[in-house]
> 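One structure is given below, represented as structure tokens, and several questions about it will come after.
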Amino acid sequence: MLKQCVKKKSLPQRGQPPSTSTVEFFRIPASPAAPTAPWNTRLRELSKLSRFPEALALYRQMLRSGASPNTFTFPFALKSCGSLSLPASGAQLHGHVLKAGCEAEPFVLTSLISMYSQCSLIDDARKVFDHCPQSRHLTVCYNALLSGYTSNSRFSDALSLFCRMREMGVLVNAVTMLGLIPVCSLPVHLGVGMCLHCCSVKLGLGCESSVGNCLLTMYVKCGSVEDARVLFDSISCKGLITWNAMISGYAQHGLASHVLDLYREMKSCGIRPDSVTLVGVLSSCSHLGAYHIGCQVERQIELSGFNSNPFLNNALINMYARCGKLAKARAVFDAMVEKTVVSWTAIIGGYGMHGQGELAVELFEEMLQAGIRPDGAAFVSVLSACSHAGLTDEGLKYFYAMEKKYLLQPGPEHYSCMVDLLGRAGQLQKALDLIHTMRVRPDGAVWGALLGACKIHKNVEFAELAFERVIELEPANIGYYVLLSNTYNEANNMDGILRVRVMMRERKLKKEPGCSYIEHGGKVHLFLAGDRGHPQTIEIYRMLNELEDWLKEIYNLDKNYLERRDDERLSGMGVHSEKLAIVFALLNTKHGTEIVVIKNLRVCEDCHLFMKLVSKAVDRQFVIRDATRFHHFEGGVCSCKDYW
DNA sequence: CTAGGGTTAG
């Protein structure tokens, strides 16, 4: 019944005018004198507001009304087709352009070129360009085609067009460079990117702030953060976007403490951060576990009225989750009006990393119910949640559904989750079989996951096999040598341990230094083992010695602890970073406040003992958090529900 | 034609 109604309404009889009242209402008398200008004005407005579907509807209405589109109509209609990626409508519009005879108008010409580029029909864009002799002399046409090549990742075409442009003596402006520079956003293209940098300077465009910002981002995307920083320092008039580009650049490369330093510097220069700045800062807080700075940022978000920005809310969910505040993460998530797949991924990942696999799975199902299509990242978060919580069957179910139901090709990151899942469940052979069925080449993480499982289950045979593979792919990754060595240790295989040591020495690999840090006064204070760089170094070491002497007396510290302590000092390794951070906190925080120390690697037993005794002796609460694994050690006991 | 942004294991 419903079907019939719909059919009757939407399909008017052939040859008869549509009978809906809206069309009649807007109808303009069909005569050659029907004015075009009012339509154009409205069309331009809608296009400027990015209301493209409405703009196209208006264009159709305009045609029906009998008004004829002109030079000032087509650009906005074409832009709408391009933005919505509607190649068929775009081609139809092209027909209208030809009929109206305004293909040679520069504004129309560039709009046609960019429409085809946005619809991924870059060759059609080129045809338009070649077909019109006008375009050979117009900077805007080259610019349109250049940015078309860039957005369709046609590296060499973009460059040869640029060369041709220069040969023809066409004026190169800032927009040309902005269209061209982003083709060099892969490390392999860094050399060309540097040439473009020189080129910009030679052409007198080096002082254009937009070009500078664009180059800065190019260096970041090429993985050359140092070069980006050099450029950043050389820019004399840094605008908000310049600061944001550098801050996001550091954030994307995980240089979280650099982000926080730069953020402070930016504020002290009197630049007001906007939502883009805060996204970068929040993501760095997540990486560091810098909860208090994260909270400050949230207040700033409220003050600035950015509460409903989805990028910021997603970053907030992640920050709270990684700082162990799941309830807060959930509150932000629940308050979001428009939850994207990224929001769901963040909250699912949050529950997953804290061992709450059942909740993560429930949320994933809720997401599906809400009609959100999961992407590759969403599957990574649910699969890893399953593996941490021991939900082997659920994990397998999702892995198969991913390919069969959602038609997503699993990448190496999904396989490494699955190997982890099977491996933790003790099914090492199945995990190995799965690796052999992979259609993509397994990466280090896949073999690494198998190696990790071998350590849990003390399986030397499989561990040696996995190690051999993983080391081909990542020969300098110390973590894998340590894992193999630990596996031998669990199996009481001393020969194995020695072999790993020899291997590490031959390859000149040293265990990476641990570091610990503490948030204090809106700053992150970082300590390496034996660090002497902190301004309070002298006080810290003096107090540490006093403390240890005192602990020795009142608690009878065991001999081994003291021997190891002297060892660490004499061998040049230096005092463990946890101790430095703990003493720093004692010196600088009020009695009664909890001290949160964050560690990048596992906390050693002696430091645990030290913390426990200090906690008792001076009556202070400590939490040591492992920032890489989200283990929560409270009072020396691992409170994490995960069964790592 | 036009510079900066969120989620993902080990």
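Just so we're clear, the structure is a prediction, and the values are computed from it rather than from any experiment. FYI, side chains are in, hydrogens and waters are out, and symmetry mates aren't considered; it's all heavy atoms of this structure. Protein chains get the first letters and strands the later ones, always in sequence-line order, with residue 1 at the start of each.
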> Would you kindly give the NE2-to-C1' distance between A:His354 and B:dT8, to the nearest whole Å?
15 Å
> Is a donor-acceptor pair below 3.5 Å formed from side chain A:Ser283 to base B:dG5, judging by atom type as modelled?
no
> Out of curiosity, A:Leu465 CG to A:Leu450 CG, how far, rounded to the nearest 0.5 Å?
7.5 Å
> Which donor-acceptor pairs under 3.5 Å do side chains of residues 208-217 of chain A form with protein atoms, sequence neighbours excluded?
unit_1   : atom_1 : unit_2   : atom_2 : d
A:Asn213 : OD1    : A:Thr242 : OG1    : 2.8
A:Asn213 : ND2    : A:Ser209 : O      : 3.2
A:Thr217 : OG1    : A:Asn213 : O      : 3.0

> Atom CD1 of A:Ile247 and atom C1' of B:dG6: how far apart are they, to the nearest Å?
16 Å
> Is any side-chain N or O of A:Ser275 under 3.5 Å from a base N or O of B:dG5, one able to act as donor and the other as acceptor?
yes
> For B:dT8 and A:Arg322 - does any side-chain N or O of the residue sit under 4.0 Å from the phosphate oxygens OP1/OP2?
yes
> What's the CG-C1' distance between A:Asp375 and B:dA9, to the nearest Å?
15 Å
> For A:His258 and A:Tyr250, take the angle between the two ring planes, folded into 0 to 90°, and tell me which bin it lands in: parallel under 30, tilted 30 to 60, perpendicular over 60.
tilted
> Using the side-chain heavy atoms of A:Ser209, tell me which of these nucleotides is nearest: B:dA3, B:dG5, B:dT8.
B:dA3
> Mind checking if A:Asp274 touches a base, just sugar-phosphate, or nothing, with heavy atoms under 4.0 Å?
base
> Starting at atom CG of A:Leu450, determine the distance to atom P of B:dG10, rounded to an integer number of angstrom.
14 Å
> May I have the distance from A:Met353 (atom CE) to B:dT7 (atom P), rounded to whole angstrom?
10 Å
> Taking only the side-chain nitrogens and oxygens of A:Asn314, find out if one of them lies under 4.0 Å from OP1 or OP2 of B:dT7.
no
> Take the protein atom CD1 of A:Ile348 and the nucleotide atom C1' of B:dT7, then report the distance between them rounded to whole Å.
10 Å
> Check the distance between B:dG5's P and A:Leu216's CG and give it to me in whole angstrom.
10 Å
> Would one find a side-chain N or O of A:Arg424 under 4.0 angstrom from OP1 or OP2 of B:dA9?
no
> Going by the rule side-chain hydrogen bond (donor to acceptor under 3.5 Å, both in side chains), which residues pair with A:Asn307 if we only count those two or more places apart in sequence or in a different chain?
none
> When you check the phosphate oxygens OP1 and OP2 of B:dT8, does a side-chain N or O of A:His388 lie under 4.0 Å from one of them?
no
> Send over the distance from A:Ile456 CD1 to B:dG10 C1', rounded to a whole Å.
11 Å
> Less than 4.5 Å apart, side chain to side chain, heavy atoms only: is that true for A:Glu338 and A:Pro310?
no
> Whether A:Asn318 contacts B:dT8 is assessed here as follows: a side-chain N or O lying under 4.0 Å from the phosphate OP1 or OP2. Is that the case?
yes
